[in-house]
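Throughout, residue positions are numbered sequentially from 1 according to the sequence presented. Keep in mind that the numbers below use all heavy atoms, side chains included, and drop hydrogens, waters and symmetry copies.
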Amino acid sequence: VARRLSLRKHPECHSMAGGKAIEHLAQTGNRQQHSFRLPMQQYRNCDFSFSGLQNLVNKAIIQKEKEEGIQEGEILSCVKDIAAAVQHAVAVHIIQRTYRAMLFCIKNSILLSKNATLVVSGGVASNQYIRKGLQTLADANDFAFLCPPPRLCTDNGVMIAWNGIERLRAGLGVLHSTDGVRYEPK
């Protein structure tokens, strides 16, 4: 969404990563100016998906570009409102799916409700709006809430790579031959 909104060109966001730029602009945006249908509402499971939301947001951006008479790549006047609405939809989707997972774990005795802990990490945990929503969810369900400080909430890919480095150093579960391994860059 940040890329589609060309937030690198926005004067307040030129040096920010996409998620950080969305969060920054959303702080002064009005999320009620745009309403995005939540993803996967027809599925009663704990899966996450944002592709449907991304399509809805893209259509809304195209419509706004037409209304404002601007080309793709130019900054919309309502960019803060779109950022706020997107951030809210993402947060609600994550909170709903996490709540389902919490209920599932308690119902199936995977977790004891009095000792249950919700741990949030990765890049998404650096978003204060999402973090606050998950904190509220944990509090409302008597779960402890653990979340690293934002400076440690980096991209999961980086954490996975670091784990790989540590496992390589320790000689644990590392392939010594890549014969037969196929990979395709995106």
Side-chain angles (χ1 to χ4, degrees), residues 1-2 4 17-27 29-60 81-167 170 172-175 183 186:
V1 171
R4 181 60 184 84
K20 186 67 178 168
I22 293 285
E23 180 180 14
H24 173 76
L25 294 176
Q27 290 173 350
N30 180 353
R31 68 177 171 85
Q32 295 174 331
Q33 291 297 314
H34 300 276
S35 180
F36 297 116
R37 190 175 67 245
L38 294 176
M40 303 178 66
Q41 290 300 291
Q42 70 274 27
Y43 300 106
R44 300 286 176 215
N45 58 32
C46 303
D47 296 345
F48 295 91
S49 176
F50 297 97
S51 59
L53 178 60
Q54 185 175 350
N55 288 335
L56 290 173
V57 172
N58 194 40
K59 287 178 184 177
D81 298 337
I82 291 174
V86 168
Q87 177 179 254
H88 181 72
V90 167
V92 171
H93 182 55
I94 291 171
I95 291 164
Q96 282 182 349
R97 297 300 169 149
T98 302
Y99 181 51
R100 283 188 184 148
M102 292 163 71
L103 293 176
F104 176 85
C105 289
I106 291 170
K107 181 181 177 192
N108 292 290
S109 300
I110 296 168
L111 293 173
L112 301 174
S113 58
K114 60 183 162 190
N115 293 329
T117 301
L118 175 61
V119 178
V120 181
S121 64
V124 73
S126 66
N127 181 294
Q128 295 302 307
Y129 188 82
I130 295 171
R131 184 189 285 241
K132 185 185 282 188
L134 289 169
Q135 173 77 64
T136 301
L137 175 67
D139 292 346
N141 291 280
D142 295 322
F143 271 57
F145 183 76
L146 292 178
C147 194
R151 66 183 175 78
L152 297 176
C153 294
T154 59
D155 184 274
N156 284 331
V158 173
M159 289 189 273
I160 291 166
W162 187 262
N163 181 279
I165 290 169
E166 294 299 328
R167 293 180 67 81
L172 299 171
V174 177
L175 287 176
Y183 59 90
K186 289 187 175 181

> CG/D142 to CE/M102 distance, rounded to the nearest 0.5 angstrom?
Replying inline: 9.0 Å
> Given the rule in the side chain to side chain contact (heavy atoms under 4.5 Å, CB included) test, do I106 and F143 qualify, once you have shown the distances and angles that lead to the verdict?
Replying inline: CA-CA 11 Å; I106 291 170; F143 271 57; 3.6 Å; yes
> Is the side chain of D81 donor-acceptor paired with the backbone N or O of N30 at a distance under 3.5 Å, no angle test?
Replying inline: yes
> How would you list all residue pairs meeting side chain to side chain donor-acceptor pair (under 3.5 Å) that involve residues 96-105, not counting sequence neighbours?
Replying inline: Q41-Q96, N45-R97
> What is the minimum heavy-atom distance between L134 and L118, and which atoms define it?
Replying inline: O-CD2, 3.9 Å
> Rounded to the nearest 0.5 Å, how far apart are CG of L103 and SG of C46?
Replying inline: 8.5 Å
> Which is it for Q128 and E23 under the side chain to side chain contact (heavy atoms under 4.5 Å, CB included) test, yes or no, and what are the steps along the way?
Replying inline: CA-CA 8 Å; Q128 295 302 307; E23 180 180 14; 3.3 Å; yes
>> So which atom in P150 and which in S126 form the shortest heavy-atom distance, rounded to 0.1 Å?
In response: O-CB, 4.2 Å
> Which distance, rounded to the nearest 0.5 Å, do you find between the CZ of F36 and the CG of N55?
Replying inline: 12.0 Å
> Which of these passes side-chain contact (heavy atoms from CB on, under 4.5 Å) with I82: Q33, H34, R31?
Replying inline: H34
> Can you tell me if OH on Y43 sees more than 12 non-hydrogen neighbours from other groups inside 6.0 Å?
Replying inline: no
>> Show the nearest heavy-atom pair for residues P148 and V120, with the distance to one decimal.
In response: CD-O, 3.1 Å
>> Side chains of F145 and T136, heavy atoms from C-beta outward: is any pair under 4.5 Å?
In response: no
>> Is any side-chain heavy atom of Y129 closer than 4.5 Å to one of Q27?
In response: no
> Roughly how far apart are M40 CE and L53 CG, rounded to 0.5 Å?
Replying inline: 12.5 Å
>> Walk me through whether V57 and R4 qualify under side chain to side chain contact (heavy atoms under 4.5 Å, CB included).
In response: CA-CA 9 Å; V57 172; R4 181 60 184 84; over 6 Å; no
>> On a heavy-atom basis, which atom in C153 and which in G122 lie closest, and how many Å separate them?
In response: CB-O, 3.2 Å
>> Regarding D139 and Q135, do their side chains bring together a donor and an acceptor under 3.5 Å, going by distance alone?
In response: yes
> Can you name the closest pair of heavy atoms from A26 and A84 and give their distance?
Replying inline: CB-CA, 3.5 Å
> Yes or no on side chain to side chain contact (heavy atoms under 4.5 Å, CB included) for F48 and V90, after CA distance, side-chain angles and deciding distance?
Replying inline: CA-CA 10 Å; F48 295 91; V90 167; over 6 Å; no
